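Working notes for the structure below.
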Amino acid sequence: MFIRDAKRTAKRFEKPPHTSRQKATHENKLWTGKTKTKCTFTGSPHRLILSATIMAYYYYQARKLHTLYCLLLFSSLPCFIPSMASPLPYNTKPSTPLISFLERLQSTALQTLGPKDFDPKLYVDLPLKYDLPVVESAFAKLPRSANGTVPVEDLDLFIERYLGRAGSDMVLHEPSDFVAEPDGFLPKVENSKVRTWALEVHSLWKNLSREVADAVRERPGLHTLLPLPGPVVVPGSRFREVYYWDSYWVIRGLLASKMYETAKAIVNNLISLIDVYGFVLNGSRAYYSNRSQPPLLSAMVFEIFSRTGDLDFIKKCLPSLLKEHHFWNSGIHKLTIQDSQGKKHSLSRYYAMWNKPRPESATMDKESASKLRRISAKESFYRELASAAESGWDFSSRWMRDSSDLTTLVTTSVVPVDLNAYILKMELDIAFFARITGDHSTADKFSVASQARRAAMDSIFWNNKMGQWFDYWLTDNSICEEVHMWESNNQNKKMFASNFVPVWIRPYSTDGGIVKKVIKSLRRSGLLYPAGIATSLSKTGQQWDFPNGWAPLIHMIVEGLAKSGIKEGRSMGEDIAVRWIRTNYAAYKKTGAMHEKYDVEACGEFGGGGEYVPQK
Ligand SMILES: OC[C@H]1O[C@H](O[C@H]2O[C@H](CO)[C@@H](O)[C@H](O)[C@H]2O)[C@H](O)[C@@H](O)[C@@H]1O
């Protein structure tokens with residue numbers, strides 16, 4: 001039965017602040033790593049989005065080139081104790097009866113089928129064929145042994161009778177603006193093999209385009225899938241729904257493919273989520289409604305506008321962008337840090353509204369939490385897990401006190417460089433959109449907000465000596481502070497690709513002094529490898545760590561360097577882009593697919609680690 005076929009899916013500069021208190025003979029001299037495979041374009045799908053779109057795009061580019069102590073005496077006080085807080089219900093969204101039932105089914109399936117090739121997400125993606133009470137009643141009648149297992153045949157039969165196929169609530173969609181070879185497609189890509197490859201990747205839009213089935217709109221209560229209004233592009237495989245930050249690179253690819261209407265439809269879908277929830281969800285499933293993902297909606301709108309000049313589109317998007325800005329700059333996401341000069345800065349962090357296992361990974365999360373004894377410790381851990389998922393970096397040593405122990409996640413105690421860079425871009429974009437649509441008071445307000453964010457980033461994250469931006473760790477976990485006092489030791493001086501992401505944002509990419517320092521720092525970082533930029537220097541087995549390189553991070557750094565007016569920056573960006581494209585090409589030729597992550601140590605090797613089978 002289909003259920004059983006489902007795939008289950010340093011260099012250190014300093015310890016992180018919490019811990020201190022308690023790498024082809026590639027020609028470029030920049031590189032410190034050793035190449036295992038020589039990689040050249042010789043000879044003549046599924047995860048088009050992240051890697052593929054930027055590889056084609058970048059080939060083109062390369063060618064041109066967190067002292068008021070809150071003791072929680074009053075549980076309703078809007079303060080919290082990062083990492084050891086008692087659960088605060090006002091920060092937690094309720095689950096739904098459908099999700100709770102599917103989680104019970106998931107748990108029974110794991111007990112019955114065993115862990116081999118078990119993907120917990122599959123079960124929370126199954127649509128019901130009948131109303132929940134009918135399905136629950138049939139489920140309750142299944143024969144069970146004392147340890148909770150159900151005979152495999154009975155489980156299979158139950159699923160076949162009462163549940164639809166995972167993914168069946170999304171139907172294939174033929175994008176109306178797709179043509180096999182669009183006019184003006186990657187005009188600067190002349191190499192015939194690369195051009196053929198780019199067109200093959202371009203053709204994958206047809207495999208990844210979907211629309212929500214009528215059944216979901218007719219009976220939404222039977223589905224965890226959310227009824228988005230327009231056509232979508234999905235990552236593919238186990239990711240059968242729309243993802244927030246993935247959509248930025250989907251849109252970059254669609255724009256390269258001249259598919260402007262499809263790109264706009266994706267933004268409209270995300271806006272529909274803001275209309276209902278007040279923010280863009282991690283993905284278009286009910287079980288993702290407790291968190292967002294890296295906020296790149298304004299960046300999507302900006303890219304579409306710069307290709308289409310569609311002012312009506314901007315007018316439609318602007319009110320939603322204002323709501324999203326409020327989400328990231330209020331409540332649990334907002335914090336205040338006082339710098340060494342006594343100036344207070346507002347910054348943002350990831351903080352999921354959830355203190356239970358993530359439904360899509362509930363069996364795994366419960367297993368990970370089993371070593372924790374206290375319920376409050378488990379609940380805090382669950383919140384840190386979901387918050388790491390909100391960051392898009394699920395999981396990484398970046399959020400861990402002890403990189404070998406997932407239960408030491410302290411995501412909500414980290415003030416992240418990249419998140420604040422995205423919000424700075426959001427503020428700049430909103431100011432620009434408001435200005436061109438004649439809303440000068442909003443434009444002025446957001447211009448001031450962007451200046452304040454830049455000042456905050458300069459004071460809290462930027463390390464002039466090291467030439468990069470470091471995440472800031474909130475260290476005093478025994479209290480809830482209204483204002484956190486900045487300490488230089490609280491910058492996490494470990495190397496992560498995210499330390500260089502701000503160079504993607506205009507005020508930094510156009511600042512020659514900053515870019516020169518960043519170039520020098522990136523060269524010395526130990527992150528540059530023959531096949532790209534390593535996510536970190538720690539080999540933890542987590543997917544957002546060494547030796548994986550991820551397209552979004554590489555794209556942002558390369559684009560920032562390429563946009564800089566500095567010759568050395570452009571040449572470094574081009575060199576990284578070429579290495580990345582080579583490894584994407586070599587792996588594509590070897591495996592016939594684009595991959596979400598690559599092993600940066602060797603050309604043509606895809607990445608691994610994490611909680612699911614590497615995504616193609
Ligand atoms: O099922 C586990 C997790 O899967 C998602 O995260 C990963 O895939 C996303 C889709 O491509 C990507 O946006 C994210 O960066 C990856 O880490 C999901 O977003 C998580 O919430 C989920 O727990």
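Remember, it's 1-based here, ligands and their atoms both numbered in the order they're listed. Bear in mind the structure is a predicted one, so any value in this text is a computation, not a measurement.
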Once you measure the plane-to-plane angle for Trp504 and Tyr422, does it fall in the parallel (<30°), tilted (30-60°) or perpendicular (>60°) bin?
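Answer is perpendicular, since the angle exceeds 60°.
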Please work out whether the ring planes of Tyr585 and Trp197 are parallel, tilted or perpendicular, with thresholds of 30° and 60°.
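Ring orientation of Tyr585 relative to Trp197: perpendicular.
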Give the atoms of ligand 1, by number and element, whose distance to some non-hydrogen atom of [X] is under 4.0 Å.
X: Asn282; answer: 18 (C), 19 (O), 20 (C), 21 (O)
X: Tyr612; answer: 7 (C), 8 (O), 16 (C)
X: Gly392; answer: 14 (C), 15 (O), 16 (C), 17 (O)
X: Gln543; answer: 17 (O)
X: Arg238; answer: 1 (O), 2 (C)
X: Asp246; answer: 10 (C), 11 (O), 12 (C), 13 (O)
X: Trp544; answer: 15 (O), 17 (O)
X: Gln293; answer: 12 (C), 13 (O), 14 (C), 19 (O)

Which residue pairs pass the side-chain hydrogen bond (donor to acceptor under 3.5 Å, both in side chains) test when at least one of the two sits in residues 263-284, sequence neighbours left out?
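Output for this query lists Lys264-Asp310, Asn268-Lys316, Asn282-Arg291.
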Without swapping roles, check the side chain of Glu211 against the backbone of Val171 for a donor-acceptor pair under 3.5 Å.
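Checking the backbone N and O of Val171 against the side chain of Glu211, no donor-acceptor pair under 3.5 Å is found.
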Any donor-acceptor pair under 3.5 Å from Thr411 side chain to Glu384 backbone
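Between the backbone of Glu384 and the side chain of Thr411 there is a qualifying donor-acceptor contact (under 3.5 Å).
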Would Asp545 and Arg398 pass as an ion pair if we require N to O under 4.0 Å?
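No, Asp545 and Arg398 are not salt-bridged.
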Taking ring-ring contact (aromatic ring centres under 6.0 Å, His included) as the criterion, tell me which of Tyr288, Tyr244, Phe327 meets it with Phe279.
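Only one of Tyr288, Tyr244, Phe327 forms a ring-ring contact (aromatic ring centres under 6.0 Å, His included) with Phe279, namely Phe327.
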Looking only at N/O atoms, are Arg291 and ligand 1 under 3.5 Å apart anywhere?
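Yes; at least one N/O pair falls below 3.5 Å.
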Sort and list the pairs that fulfil salt bridge (Lys or Arg N to Asp or Glu O under 4.0 Å) and have at least one residue in residues 94-111, not counting sequence neighbours.
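Residue pairs passing salt bridge (Lys or Arg N to Asp or Glu O under 4.0 Å), neighbours aside: Arg104-Glu136.
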How does Gln615 reach ligand 1, by side chain, by backbone, by both or by neither, if only non-hydrogen atoms under 4.0 Å count?
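None of Gln615 does.
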Give the contacting part of Tyr288 toward ligand 1: side chain, backbone, both or neither, where contact means a heavy-atom distance below 4.0 Å.
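Looking at Tyr288 and ligand 1, just side chain atoms fall under 4.0 Å.
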